[in-house]
Protein chains: 4
Amino acid sequence: MSETRSPDSKRRSERSRRAILDAALELVGELGYPRLTIEAIAGRAGVGKQTIYRWWPSKAAVLLDAFIALGEEAAAGEHEIPNTGDLEADLKFVLRATVDELNSPEYELPARALAAEGVINAELGAEFVAKLLEPQLQLYVKRLLAAQDAGQVAEHIDPRVALELIVAPLAHRWLLRTLPLTHEYADTVVEYALRGLSPR
Amino acid sequence: MSETRSPDSKRRSERSRRAILDAALELVGELGYPRLTIEAIAGRAGVGKQTIYRWWPSKAAVLLDAFIALGEEAAAGEHEIPNTGDLEADLKFVLRATVDELNSPEYELPARALAAEGVINAELGAEFVAKLLEPQLQLYVKRLLAAQDAGQVAEHIDPRVALELIVAPLAHRWLLRTLPLTHEYADTVVEYALRGLSPR
Amino acid sequence: MSETRSPDSKRRSERSRRAILDAALELVGELGYPRLTIEAIAGRAGVGKQTIYRWWPSKAAVLLDAFIALGEEAAAGEHEIPNTGDLEADLKFVLRATVDELNSPEYELPARALAAEGVINAELGAEFVAKLLEPQLQLYVKRLLAAQDAGQVAEHIDPRVALELIVAPLAHRWLLRTLPLTHEYADTVVEYALRGLSPR
Amino acid sequence: MSETRSPDSKRRSERSRRAILDAALELVGELGYPRLTIEAIAGRAGVGKQTIYRWWPSKAAVLLDAFIALGEEAAAGEHEIPNTGDLEADLKFVLRATVDELNSPEYELPARALAAEGVINAELGAEFVAKLLEPQLQLYVKRLLAAQDAGQVAEHIDPRVALELIVAPLAHRWLLRTLPLTHEYADTVVEYALRGLSPR
DNA sequence: AGCTAATCGAGACGGTACGTCACGTCTTTAG
DNA sequence: CTAAAGACGTGACGTACCGTCTCGATTAGCT
C-alpha cells in the first residue's frame, strides 16, 4: 500500500501543462510523429524535460492529452447526431462532416500519429478508444436506438454492430488510403448499410 | 532522368536477403516493432548494417518485404474465395478464417507494425496496400461479381464498395481493439451487410 | 562575439574526466595510437561517448590532456636543471635522464602518438608545444643564461638557439629512429655543442 | 618453403601503378593524411581497390612509394653538397635550400604525413629513413670527411654525430613548429655548430 | 595465333568506428 | 524549494572505410 513517488497534482503548473500540449501539437504538425521528440517539446514549451517526464509516460501520451484538449475546446457543445426523423439524411449529414474533418490537414497528422500508435501500443490504444472514439460511437448507438423506436431499423439489429457497418468503411479508407474518401462514398455506404438495417 | 546511386541487383547476395528477412520477422515477434532495430536485424542475420541500408530505406520497408515473402510462401496455391452458390456461407467461411489469422499471435505483431507504419508513412502504406491488401480485396470483388451474375446481389451495387461494408468492420475492431473480434461478430457483419446487398 | 554552443564547465563531472584520461593512457599503451578509439576509451572509462565529444574535439586532444595531467602529477616539485657550476656535467646529467625517459616503454607510445599528431595537426601541435615542450625548453634557457653570467658561454650566443643544438639531436634520433639513443650519444652531443658555445 | 600467394610483378600494370601514386599525392595535398583513404585513391586513379591492396600493405606505404617516385624525378642529377673549400658557406647554402623546400606548400603535407606515420609505425619509419633520409645524411658525412681531410674539422669528431648537430635543429623546428624556420636560423645553427667542430 | 591464367575495374560483403541524436535519470543553479 | 537547464550513461542511428571476396573483361606470356 506504499505510495510510490507519485507527483502532487495539486501543485502542478497549469501554464506548463498548456505550453507542453500546445508545443506537442505544433511540432507533430511540423515534423510528423516519428521525428517528434520529447526534447523538442520541452524546448519549444520552455520547460525542463523532467516536467514532461513527471506527468506523462511517453510522447504518445502527451500527444493523446493534447488531442483530447483540442477536442474539448472544439466540443464546447458536444455534438449530437441530429434527429430530423430521416435517418438516412441525418447519417449522411454527419458522415460528410466526418469526411471533411478526416481530410483536413490540421487534424490529419496528429490523428494519424495517435491512431498508429494505438495500433501498436495496446495500452495507449485503449485510452484512445475510451476517451476519444467510443464517446463518438455512442452517439451513433443513441441515434440508431431512436430509429429503432421509430420503426426505421429492424428490431433484431444490434446498434453497436450496425454502426460499425457505417463507420468502419470510412475509417478503413482513411487509415489505409485504399481509395479516396469522398462525400459520395459516405452517401453510398449509408445507403448500402441502411438497406440491410431497415425492417423487411 | 538522374541515375540515383543504385546498387547492382545482379550481384546481390540471396543468402543475405533471406537471412535479413527471416531475422526481421523473428525479432519483431520477440521485441515488438518499436524495439526492433536495424542493428539487431543485422546482428541476428550475421550481416553488415550497410547491406540492409543498401537495399532498404527503413526498417518498415524490410518488414514489408519480409511479410510479402511470408505471404508468397503461404500462397503457393493462391487462395480464392470458395463459390458453393451460397454467398453468405462462403463469406462467413472466409471471414472466420480471417478472424483466426488476425487473432493468431505470430501474425499479429508484424501485421500491426506494418499497418501502423502505413498509417503514418504514405509511401509505405501505398506499397502495403498494393502488394498485400488490394490483391486480397480483389478476391471479394470477384466473388461478389459472381453473386451478381447469379442474381444474389442487386445489380446497382458496386462490389468494390460492398466488400468494404463486410471487411472494414473486422479491420476496425482488429486495428483499434474496440471490441473482441470473434466468429460470431464476423457472421453478424455478413448477415447485416448481405441484407443490404441482396435484390429488393 | 558568437557564443559557440559550449557546455557549462562548472557542471562538469570530475570523476568522468579522470576516468577518461586514465582510460586513454591505459589504452594507448595496450593498443597503440592508431588502434585507440573513442568508443574504447568511453567503454573502459564507463562513460558515454557524448561525454568525451562534449569536452574534447578528437582523440588526440584527449591524449594530450591525459599526458598533461600525467606531467602535473610527476612535476609536484617541477624539476629544474641542476646548477653545480659545471655546465657540461649538469647537461649530461639531465640529458641522460631524458634519454632514459624517452626509451622507457610506458612513455613511448603516448608520447609518439602526440608528437606524430602534432606534426600533422598544427593546432594540436601548438598546444603540445606550449603546454609540454616549451616549459621544458625554458629550463635550458635559464641554465644557459646562468652559464653565460658565469662566463662559461660566449656572450653573443642566443640561448634559445643554443639549446636546440643540444636537444634537437636527441629528439631527432628518438622521433625518426635513425640510430640508437644512448647515454654516450647524449654525452657526445653535449661535448660537441659546448665546444661551440664556450668563449673563444 | 610454400610460396604464399604473391602476385606476379611481371604482369603488373605500370599505368595503374603511376595512376595510384599520382592520385595519392594529389589527395594527400587536398585532404591531408588522416582523411586520405584507400577508396578515394582507387576512385581518383580509376582503379579497383584490390589493385592497391595487391601491391601495398597500407596507405602509408603507398604514400612512401609516391614520395620516393617524386624524389627520383627531382633527383635525376642526385645533388651533392658543394665543396668550395669553405665548409661554412657550403653548409649554409645547402641548408638554406632545405629550409625553402621544407617551407614549400607542395612538399609540406605529404612530407609531414610520412614523417608522422614513421614516428608511430616503426617499420614504415625504418623504410622512410633508409630510402629517403639516410641517403641525404650520407651527403653530409661525405662533405664533413672532406673537411676533416682539409683540417677544417677536428680529427676526433664523428661526422655522423656532427651532422646531427646541424640538421636536427632544423628538423626539430619544422616538425614541431616551435619557432619559425628561416635562413637566418640555418646560418646561426651552422655557425654555432662549426665553432664546436673546428680544431682547437 | 590462340590458350590460358593472372591482373584489372568494379563493387557487394561482414565488419568496426565514426560523430550525432534522443532517451530517461540525475544534479546543479538561478529565481 | 521549485523548476529550467543541461550533463550524464546508454544505445541506435545512418555513414564512411576497412580489407576480403567474387564477378566478367581485358591483357599478357607461353605453347
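Note on naming: letters A, B, ... go to the chains in the order of the sequence lines (proteins, then strands), and numbering restarts at 1 for each one.
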Rounded to whole Å, CZ of D:Arg17 lies from P of E:dT7 at a distance of 16 Å
Result for 5'-nearest mapping on DNA chain E, choosing between C:Pro57 and B:Gly48, is B:Gly48
Looking at C:Lys10, I'd like to know whether one of its side-chain N or O atoms comes within less than 4.0 Å of OP1 or OP2 on E:dA30.
yes
Computed from five pairs at either end and rounded to 10 degrees, the angle between the axes of the helix from E:dA1-F:dT31 to E:dG31-F:dC1 is 30°
Taken to the nearest whole Å, NZ/D:Lys59 to P/F:dC18 is 7 Å
Out of F:dG9, F:dC17, F:dT20, minimum distance to the side chain of C:Thr51 belongs to F:dG9
- Query: Is the backbone N or O of D:Ala23 less than 3.5 Å from a side-chain atom of D:Arg44, with the two atoms forming a donor-acceptor pair by type?
  - Reply: no
Separation of E:dC23 atom P from A:Arg35 atom CZ, nearest Å, is 14 Å
**Asked** Under 4.0 Å between a Lys/Arg side-chain N and an Asp/Glu carboxylate O for A:Arg112 and A:Glu108?
**Response** yes
Quick check on E:dC23: is either OP1 or OP2 less than 4.0 Å from any side-chain nitrogen or oxygen of A:Ser58? no
* Measure from the side-chain N and O atoms of B:Arg177 to the backbone N and O of A:Val119, and report whether any donor-acceptor pair falls under 3.5 Å. => yes
- [ ] May I ask you to decide if B:Ile41's main-chain N or O and B:Lys49's side chain share a donor-acceptor pair within less than 3.5 Å?
- [x] no
One should read off an interatomic distance between B:Ser9 OG and B:Arg54 CZ, to the nearest 0.5 angstrom, of 12.5 Å
Whole-Å distance, C:Tyr53 OH to E:dA22 P, equals 17 Å
C:Glu123 atom CD, neighbour heavy-atom count above 12 within 6.0 Å: no
Of the candidates F:dT10, E:dC18, E:dC13, the side chain of B:Arg12 sits closest to E:dC13
| task | Taking only the side-chain nitrogens and oxygens of A:Ser13, find out if one of them lies under 4.0 Å from OP1 or OP2 of F:dA3. | result | no
Between CG of C:Asp8 and P of F:dA4 the distance, given in whole Å, is 18 Å
Over 12 foreign heavy atoms within 6.0 Å of CZ, B:Arg15
no
Taking donor-acceptor contacts at under 3.5 Å, does the side chain of D:Lys49 reach the base of F:dG19? yes
From CZ of D:Arg54 across to C1' of F:dG19 the rounded distance in Å is 13 Å
Going by modelled atom types, is there a donor-acceptor pair between the base of F:dT22 and the side chain of B:Arg11 at under 3.5 Å?
yes
Whole-Å distance, D:Leu31 CG to F:dC17 C1', equals 14 Å
*Examine F:dA3: is either OP1 or OP2 under 4.0 Å from a nitrogen or oxygen in the side chain of A:Trp55? Give yes or no.*
no
Is it the case that the side chain of A:Lys59 and the backbone of A:Leu36 share a donor-acceptor pair, with hydrogens and angles ignored and the cut-off at 3.5 Å? yes
Under the criterion side-chain contact (heavy atoms from CB on, under 4.5 Å), I'd like the reasoning laid out for B:Ile38 against B:Tyr53: C-alpha separation, chi angles, the key distance, then a yes or no.
CA-CA 9 Å; B:Ile38 299 260; B:Tyr53 284 111; 3.9 Å; yes
From CG of A:Leu27 across to P of E:dA22 the rounded distance in Å is 11 Å
Rounding to 0.5 Å, atoms OG (A:Ser58) and CG (A:Leu63) come to a distance of 9.5 Å
Per the under-4.0 Å heavy-atom filter, residues of residues 36-47 of chain C near DNA chain F come out as C:Gly46, C:Val47
Considering only heavy side-chain atoms of C:Gln50, the closest of E:dC18, F:dG19, F:dT10 is F:dT10
